[in-house]
Structure formats: C-alpha cells, structure tokens
Amino acid sequence: MSTISSTSVMFTGVTRRYGNSTALDHVDLSLQPGVTGLLGPNGAGKTTLLRLLGTVLAPTEGRCRILGLDPGSHEDRTEIRRSLGYLPQEAGYPRGFTAFQFVDYVAALKEWTDRSQRHAEVRRVLALVGMEELAGTKMRRLSGGQRRRVALAQAFLGSPELLVLDEPTNGLDPEQRASLRGVLSDLARRATVLLATHQTEDVAALCERVVVLDSGRVRYDGPVRELVAQAAGRVWLADEESPSALSSWRVGTGRYRHVAHEAPLGAELAEPTLEDAYLLLRGGQADDAVAGMTA
Amino acid sequence: MSSAVLVPGVPSTSRRASAEVVRSIARIEVRRLLHQPVFLVAVFLFVLMAVTTPFSDYANADYVVTAENGTETNLDWPVVPAFFLGLGGLIAMNRVAKGASRTGDVLEAAPATKLQRSLALCLVCLVPAVVAFAGAAYVFVFWMVDPPLQAMAWTEFTDTQLFSIMVEGVLAAVGGPLLGVAVARWWRWPTAGAITAVALILWAVLSSVYRDSSWWGALIHHSSPFALAVFNTESSTWAQGGSHHWRVAYLAGLCLLAALAACAHGTTGEQRRQLVRVSLAVGGLTVIALLLATFTGPEGHYGPWNPLW
C-alpha cells in the first residue's frame, strides 16, 4: 500500500472524449487529504472525472497520478485500487444477494481472503452506515436509501486512502445524511475524499474546498467560503418577482429570494449560501470574477 | 450511521496471493450457483437418474432383449450428466457470471482483475463436474460389479473404453458451465445462455442423424460435446465407432478452450496475446484429438436390429 503524500491526486491536462463528444476538456486538478466537493450541472463531466479517479476509465489525453501511481500501468492500477473506495452513481446488485453478501462479495474482490477478517470488516462497514440490523435482508427488499447505504458501505471497506463518491446522499433522509457527514469527516482525517453531488448543503457542511465543473471544464476550484463570498451583496429577499434576476424563487415565508447583480425594487440583502454562489457562477455573468479565483 | 465504530480495517499486508483471491471469490460464487433454481433442478434430476439407473429394467441380468423392448441400453447413461448438469450448468453459470457483472463499476474498480474473476467462475464449474463424477463413478462401479449382461452394447466395449465413455459425461458436465461463463463474457444478450443450450441440443441431435459408417458421419458424431455412444430403435442398432479415449481428449480440449475464452475477455496487451497463443495451441490439439477419435479405435456397428448380437 502506498503512503499518503500531501497530494493524493494530480491530473494535468486530462481530456476524455466519447467519440466526438468531449466529456472532460484539459482538466487540471490536484486533491489532498480532506473532503473536496464536486459540483456541476448534469452532463458537466462529474461522473467521467470520478470514473477516471476510480481507475475505471482511462483518459484520452493528459497525465494522471493517483496516490503517487500511474493508473495507466497495470501494476500501479491494481495498487491504487487496493487503496480506493469508490461509489459509482449507479451501483447494481447481483440477484439474490443480501446486504451482507453483497458487501462480502465486494470485500472478496478487494482481496480480503481471510473469511473471518473479511466478515468482521463487512460487519464494521455495515454498522458504519447503520445497516447492521438489515444485513441479512435481500437487496431487492431494501428501499432505495437503504441500498445506497449498502453501496456506501462497500466503498468504506478497508478504510481507503482515497474515497471517490458519486452522489452518496441520493435517497438518504436528512438524519442519514447528517450521520454520513459525520462518517466522512472522520474518514477525511486521513483520507482524500471527493464528493460529487447536486446537494450544495452537503458540500457547505463538509468541504473546505469545492470544484465546479461545467461543460467538461473546471469553472471554479477553491475554498468554499471564497465562492460563497462571491455571492455577498448579490442575494436579495423581496416581495415581488424580479425578471432581471439570474435565479429567483418563492420561499416559505411568501417572499422571493433573488440571486441578482442588481437589487430588485424594495429588496433587502440576504446572507448568501453556497447554492446562491453556485447559481451565480452558473448564471454566466460571474465568469470574470471567478476566473481570477480558479486555481 | 455511526462514527463511533469507525476503526481502520485490516491493512493490506494481510492479503494473500492472487490464487487465494481467486479461491476466495470462487467460494462466494459457489454459493451463488447453489442458489440457482435451474442448477438445483438439474442436480436433483441427475441424482434421481443416477440412483435409479442400475436398477432399471434393461440393467437387469434377467432382462430379455428383444426388438420390442430393446430400445434402450445402459450406455444411454453417459449422456445424462451431459444433458442435466452440462446444459443446466451452462444456463446457471451463465446467470451467475452475468449477475456479477450487474455490479458494474464497483467490480471494475476492485483490485481483483477480470481474469481473476473469470478464473474463479471457471473453478466454480468444478461443482457440477464433481456431482457428475460421483454419479458416473456410482453407476460405473455398480455395473462393473454386477454387469447388465443382457444389455446389448455393454459387452461390446473394453473396460477402459467404458471408463472413457463415463468420463465423456463428466467432461460434458464441466464443459457446459464453462461455456456458460464464456458466453456470458462475450455475448451480452439476456437469452444468450438459453440459445447456446438449444444450439448444443441441435448439435447433439445432428450427431445421431448419420447412423452409418461414413467418416463424416463419425466426425459429426464425435464433434458433438455430448452424444450417445449407442443408439437403438425397434428396427436398427448403432454403436458409434472410433476411439473414446481420444474423444475424452477432444472434450477436455473443448473445456479448456471455453475456459480460455472466458478468461481472455477484458485482458489486453501481452496477457491477451499469451492467451490467444495458448488458445491456438489448444485448439490445434483439440482438432487433432477429434480426428484421432474419428479415425482410430474399433469399428462401430451399424445395421438392422439383431437380438442375438
């Protein structure tokens, strides 16, 4: 197993094409231990980036180093996989498996050959996601959220150095999401965690750093608080809708929340959130401001 | 979820060699095979046939062979493991191999390679082989001790030929499941396993069509992964000529080719080239074994029914 260096992942000019379509376009990215959030609209290239990190895909161009190793080399790739926990966006399950059997199967694929040690590890990770009592239940009988937790459990096997999670909170209830945050923050003390999600509140709660992908390119890479700060003075609460706002919606109090460069009539400033900042970034009018912040 | 139980797992230094990984995966895959209804039914029917075969009418020394009741022989028996365990195992292992692939990227991102996973699945194919061997050994020993003298073809073969005929059934029982794995690897259609099983049945039927002494009839017969050694109707009788010893070698070659085809999927570079080279060599030897099975060994019997024969 390789040792953790300060930079766990280094992507330089990484491009991935599918035929004529470019999913990732000359992406530069470095990851260090801790939790990094990955945001972006559908089709931005998040899953492709995660599959590259999961060593499931190879880049069309560019250089990848993961845990100091070259995933293009068979031996290095196997070594990376020994230190990798990967939760894909869609995890399928062989028919007839219970939750325990599924994680046990993945543990065997992860080279846990000693049966008693493997079973102890499977029990540990199932407990970590709160599934120990449903371990004997068939996967097909579990709810979507429960299945997602089982899929998460397999990613935690062996306490990996690099954890790549594609929308881990999909289908989880608020309590489970909060609990998962606790698990991830504990893991991130020694591991590098990349969390791709559409839930900006998860990124805000967990991550020091966020990467925003759009159309296969990195639109922002930096501290969460700096991205949020970009939205300061651009989030408003008003009684009326504002057609000029980049984004606008009616909140529970009956007022309208606007993300806008100009103050709508009669509006008052509101505290920005990461979601506001993300919407501002996606609005296309903050490119100049953001360009200087992009690492 | 609880962070209170967050402790590091066992470090990778405790992980064992590649072969251990294959065995470890295979043990889990065996459990999956044993949960396949098709396989369980196949095993049940095979065991039922094996247990009752030595006590069937035509195996009885007092049984009088006539044109009316002589339409069966004890040498139908080797086709039983091939039919039940070979075809049943093909469909079951095809489902097991395909089912594991559902895991998708989780599977691909694990350190166990596709080659190791394929090898594990090939190891699992020994399960139907063991069942077939036990059944064949039981029937063979039973008949060696108490030969069914009146049954026509039994006494036409030497003991080693009879042993080879029994082994043919066992090899078909391991070859079918291996083919099921290979098909699952290379052919993603949901019904690929069933289509392959039907194709094998048609091949077996074709192998019995040409009941004459022509060389091409013998070639078609011996090429079929499972075929009757003898065949009787109320008006004719037929015992296939050729060498059953070489036919065993031919079937073993087919098994090896199926395993190599399964293992080759997903390999690249030098590993792929090595597997192709080995496959070509095994393929060549398999063809030679088939030709030897066809053109060497005793002549067969082809002709009208003769109760005194």
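Quick caveat: nothing in here was measured; it's all calculated off a predicted structure. Lettering follows sequence order; numbering is per chain, from 1.
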**Item:** salt bridge (charged side-chain N to carboxylate O under 4.0 Å, His left out) involving A:Asp76 - partner list, sequence neighbours excluded
**Value:** none
**Fill in**
Among A:Glu132, A:His74, A:Arg51, A:Arg115, the residue with the most heavy-atom pairs under 4.5 Å to chain B is A:Arg51
**Request:** Any chance you could lay out the salt bridge (Lys or Arg N to Asp or Glu O under 4.0 Å) test for B:Glu29 and B:Arg117, step after step, and finish with the verdict?
**Result:** CA-CA 10 Å; B:Glu29 300 288 18; B:Arg117 300 197 310 262; over 6 Å; no
**Request:** Using a cut-off of under 4.5 Å on heavy-atom pairs, state which of A:Asp104, A:Leu57, A:Thr55 scores highest against chain B.
**Result:** A:Asp104
**Asked** Based on non-hydrogen pairs under 4.5 Å, which of A:Tyr93, A:Phe102, A:Phe97, A:Tyr105 is most in contact with chain B?
**Response** A:Tyr105
**Prompt:** In terms of heavy-atom contacts, does CZ of B:Arg31 have more than 12 from other residues, nucleotides or ligands at under 6.0 Å?
**Reply:** yes
**Request:** May I ask you to name which of A:Gln89, A:Arg118, A:Gln101 has the most heavy-atom pairs under 4.5 Å with chain B?
**Result:** A:Arg118
**Item:** Option that, when pairs with chain A are counted at under 4.5 Å, heavy atom only, ranks first among B:Ala110, B:Ala112, B:Gly99
**Value:** B:Ala110
**Request:** With the side chain counted from C-beta on, respond yes when B:Ile25 and B:Leu121 share a heavy-atom pair under 4.5 Å apart, and no when they do not.
**Result:** no
**Asked** Do any pairs count as a side-chain hydrogen bond (donor to acceptor under 3.5 Å, both in side chains) and have a residue in residues 259-274 of chain B, sequence neighbours left out, and if so which ones?
**Response** B:Lys114-B:His265, B:Thr267-B:Arg272, B:Glu270-B:Arg273, B:Glu270-B:Arg277
**Heavy-atom proximity to chain B below 4.5 Å, by part of A:Leu109** = both
